[in-house]
Structures are given as structure tokens and as C-alpha cells.
Amino acid sequence: IKRLNIKPEISYQSVYYDDTPNLNEGELGYFNGKKELNTLAGNLRAEFLAFGKLRLISAIRAEKYNYPDQWQPSWQFAGTLPLSENTLLRAVYSRANRSSFIINSQSDYLWDRSSRHMFPQEVHFGGNKDYDLMTTDMVEIGFRARPAQNVLIDTEFFVSENRDFGALLPFYSTVAFP
């Protein structure tokens with residue numbers, strides 16, 4: 001629409017893992033059955049050219065996983081402004097989420113260490129279906145200049161903040177004394 005460009009998108013992804021066909025009878029696997037991970041997402045991207053020079057871009061996305069069962073928003077707001085034919089100023093503010101990871105959400109692994117005569121004797125890695133996904137917020141300011149045909153100078157200053165790091169941790173462990 002004249003100087004405004006809008007792009008919507010909807011997506012659905014589904015994947016499953018099943019380790020039981022690769023296990024012998026009585027043998028334990030990593031998932032011990034069929035585990036499924038689904039993602040439903042929608043996003044909207046808009047680009048606008050203001051005053052013939054200032055390019056504004058915004059995008060928002062929301063993803064819904066089956067684990068964790070909640071909507072996860074992410075976004076990006078960016079702007080570029082040519083200061084001259086050979087220089088450009090840009091700024092960005094964004095948030096990104098790590099997608100759901102089947103290892104973190106649906107692990108069911110029992111590590112039997114009893115034959116090693118070491119402690120702990122058993123360690124169970126169990127998934128957390130309601131864990132917080134890692135999130136990164138970032139602010140960036142950049143400057144690009146081309147003082148000569150074969151010289152390009154590109155400078156960026158940015159800061160990012162990360163939270164809710166994920167790790168596969170034991171759900172429980174057992175110790176038996178001789």
C-alpha cells in the first residue's frame with residue numbers, strides 16, 4: 001500500500017521422537033516412548049518508508065508450543081536513515097526467545113551407574129514441561145560509511161540481556177551405601 005508493505009505468516013510444525021524401536025526388550029532409552037513437540041506460530045512484518053528516506057521495520061511473532069503450554073512473543077523494531085549517499089545510520093530493538101527443546105521438556109533417562117561402584121548410583125534426567133524459555137533483549141545502534149569504492153566501514157554498538165538459561169539437570173539421584 002504505497003509506502004507500506006505488510007507481510008503476515010502462519011505456520012505449524014510438529015515433530016516426534018520415539019526411541020522404543022531402537023531398544024531391546026527391557027532396555028531403557030532416553031525418552032522411553034513417543035514424545036511430540038508442536039509449534040503453532042503467527043507473525044506480522046511491516047515496512048514503511050517515511051519522508052522518502054527513513055525506513056521503519058517492525059515485526060512481531062507469537063509462538064505456542066505444547067511444552068511449555070503458553071504463548072511466547074518476540075519482536076523487532078528497526079529503522080535505517082541514509083545520512084548521505086555513502087552513509088547510513090540504523091537502530092534496532094528486539095526480543096528473541098529460544099524455541100522449546102524436547103530434551104529439556106520431555107527427557108526420561110535413567111543413568112544407572114551402580115556397576116561402576118561410584119556415587120551416585122542412579123541419576124534420573126526428567127524433563128520439565130513447564131520451563132521458562134530463554135529470552136534475549138537487544139538494543140543496537142550502527143553506522144555504515146563507504147568513503148571509497150573499495151572501503152566499507154561498519155560500526156555497531158549493542159547491548160543484550162539474556163535470562164532463563166536452560167540446562168538439563170538431574171530430576172533425582174540415588175545413593176546406596178554398602
Side-chain angles (χ1 to χ4, degrees), residues 5-47 57-78 90-140 142 154 156 158-178:
N5 186 357
I6 299 174
K7 295 179 183 177
E9 180 183 318
I10 296 175
S11 68
Y12 177 76
Q13 297 175 10
S14 179
V15 65
Y16 77 90
Y17 298 89
D18 187 356
D19 56 0
T20 54
N22 303 312
L23 300 174
N24 296 320
E25 189 174 327
E27 187 178 26
L28 293 176
Y30 197 85
F31 293 113
N32 297 304
K34 182 179 176 180
K35 306 295 180 178
E36 191 171 0
L37 187 62
N38 300 318
T39 307
L40 172 64
N43 64 289
L44 186 64
R45 182 182 189 272
E47 187 174 329
I57 302 166
S58 64
I60 187 163
R61 180 175 177 90
E63 295 176 310
K64 174 132 176 11
Y65 306 99
N66 55 337
Y67 305 114
D69 183 17
Q70 56 186 332
W71 286 95
Q72 302 290 329
S74 59
W75 54 78
Q76 182 176 46
F77 302 102
R90 69 180 179 277
V92 177
Y93 169 63
S94 65
R95 169 171 287 172
N97 298 299
R98 178 180 179 200
S99 64
S100 184
F101 189 41
I102 202 162
I103 298 292
N104 289 14
S105 64
Q106 299 186 55
S107 294
D108 184 16
Y109 178 66
L110 181 63
W111 183 20
D112 183 359
R113 300 167 36 92
S114 59
S115 65
R116 293 177 180 85
H117 303 293
M118 299 173 68
F119 300 107
Q121 291 185 323
E122 286 183 344
V123 180
H124 182 251
F125 294 94
N128 177 357
K129 293 182 177 180
D130 195 31
Y131 72 105
D132 292 330
L133 300 178
M134 183 177 148
T135 302
T136 302
D137 287 324
M138 189 216 29
V139 176
E140 173 190 333
D154 199 347
E156 297 176 352
F158 67 91
V159 62
S160 60
E161 177 185 316
N162 302 294
R163 62 187 162 281
D164 297 325
F165 288 88
L168 182 61
L169 299 173
F171 188 67
Y172 72 83
S173 59
T174 61
V175 177
F177 296 101

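- Here the side chains of Phe101 and Tyr131 are in contact, with some heavy-atom distance below 4.5 Å.
- No side-chain heavy atom of Ser105 sits less than 4.5 Å from a side-chain heavy atom of Pro68.
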Yes or no on side chain to side chain contact (heavy atoms under 4.5 Å, CB included) for Thr20 and Lys34, after CA distance, side-chain angles and deciding distance?
-> CA-CA 8 Å; Thr20 54; Lys34 182 179 176 180; over 6 Å; no
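- Ile10 CD1: 12 or fewer foreign heavy atoms inside a 6.0 Å radius.
- Rounded to the nearest 0.5 angstrom, Thr136 OG1 and Phe165 CZ are separated by 7.0 Å.
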Please tabulate, for side-chain N and O atoms in residues 59-66, each donor-acceptor pair with protein atoms closer than 3.5 Å (sequence neighbours left out).
| unit_1 | atom_1 | unit_2 | atom_2 | d |
| --- | --- | --- | --- | --- |
| Arg61 | NE | Glu63 | OE2 | 3.0 |
| Arg61 | NH1 | Asn43 | OD1 | 3.2 |
| Arg61 | NH2 | Glu63 | OE2 | 3.3 |
| Glu63 | OE1 | Tyr65 | OH | 2.7 |
| Lys64 | NZ | Asp69 | OD1 | 2.2 |
| Asn66 | OD1 | Asn38 | N | 2.9 |
| Asn66 | ND2 | Glu36 | O | 3.0 |

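- A donor-acceptor distance shorter than 3.5 angstrom exists from the side chain of Asp19 to the backbone of Gly33, with no hydrogens or angles considered.
- No side-chain heavy atom of Arg98 sits under 4.5 Å from any side-chain heavy atom of Asn162.
- Under the 4.5 Å side-chain criterion, counting only non-hydrogen atoms from C-beta, Arg90 is in contact with Glu140.
- Once rounded to the nearest 0.5 Å, the distance linking CG of Asp132 with CD of Gln72 reads 8.0 Å.
- When side chains are defined from C-beta on, Tyr30 does not count as touching Leu23, because their heavy atoms never get closer than 4.5 Å.
- Taking the six-membered ring for Trp and thresholds of 30 and 60 degrees, Tyr93 and Phe77 have nearly parallel ring planes, at less than 30 degrees apart.
- For the atom pair CD (Glu27) and CG (Asn32), the distance works out to 9.5 Å, reported to the nearest 0.5 Å.
- Judged by distance alone, with hydrogens and angles left aside, the side-chain atoms of Asn97 form no donor-acceptor pair with the main-chain N or O of Ser99 at under 3.5 Å.
- Taking both residues in full, the closest heavy atoms of Ser100 and Leu133 are given as CA-CD2, 3.9 Å, listed atom of the first, atom of the second, then distance.
- For the pair Phe125 and Asn104, the minimum side-chain heavy-atom distance is 4.5 Å or more.
- Interatomic distance, CD1 of Ile102 versus OH of Tyr16, reported as 11.5 Å (0.5 Å rounding).
- The only option from Ile103, Asp18, Asp108 that meets the side chain to side chain contact (heavy atoms under 4.5 Å, CB included) definition with Phe31 turns out to be Ile103.
- Residues passing the side chain to side chain contact (heavy atoms under 4.5 Å, CB included) test with Val15 are Tyr17, Leu37, sequence neighbours excluded.
- The closest donor-acceptor contact from the side chain of Thr135 to the backbone of Arg163 lies at 3.5 Å or more, if one exists at all.
- Heavy atoms from other residues, nucleotides or ligands lying under 6.0 Å from CZ of Phe158 number 12 at most.
- Rounded to the nearest 0.5 angstrom, Arg45 CZ and Gln76 CD are separated by 8.5 Å.
- Annotation: the span from Lys129 atom NZ to Lys35 atom NZ amounts to 5.5 Å, rounded to 0.5 Å.
- The shortest side-chain heavy-atom distance between Glu122 and Leu110 falls under the 4.5 Å cut-off.
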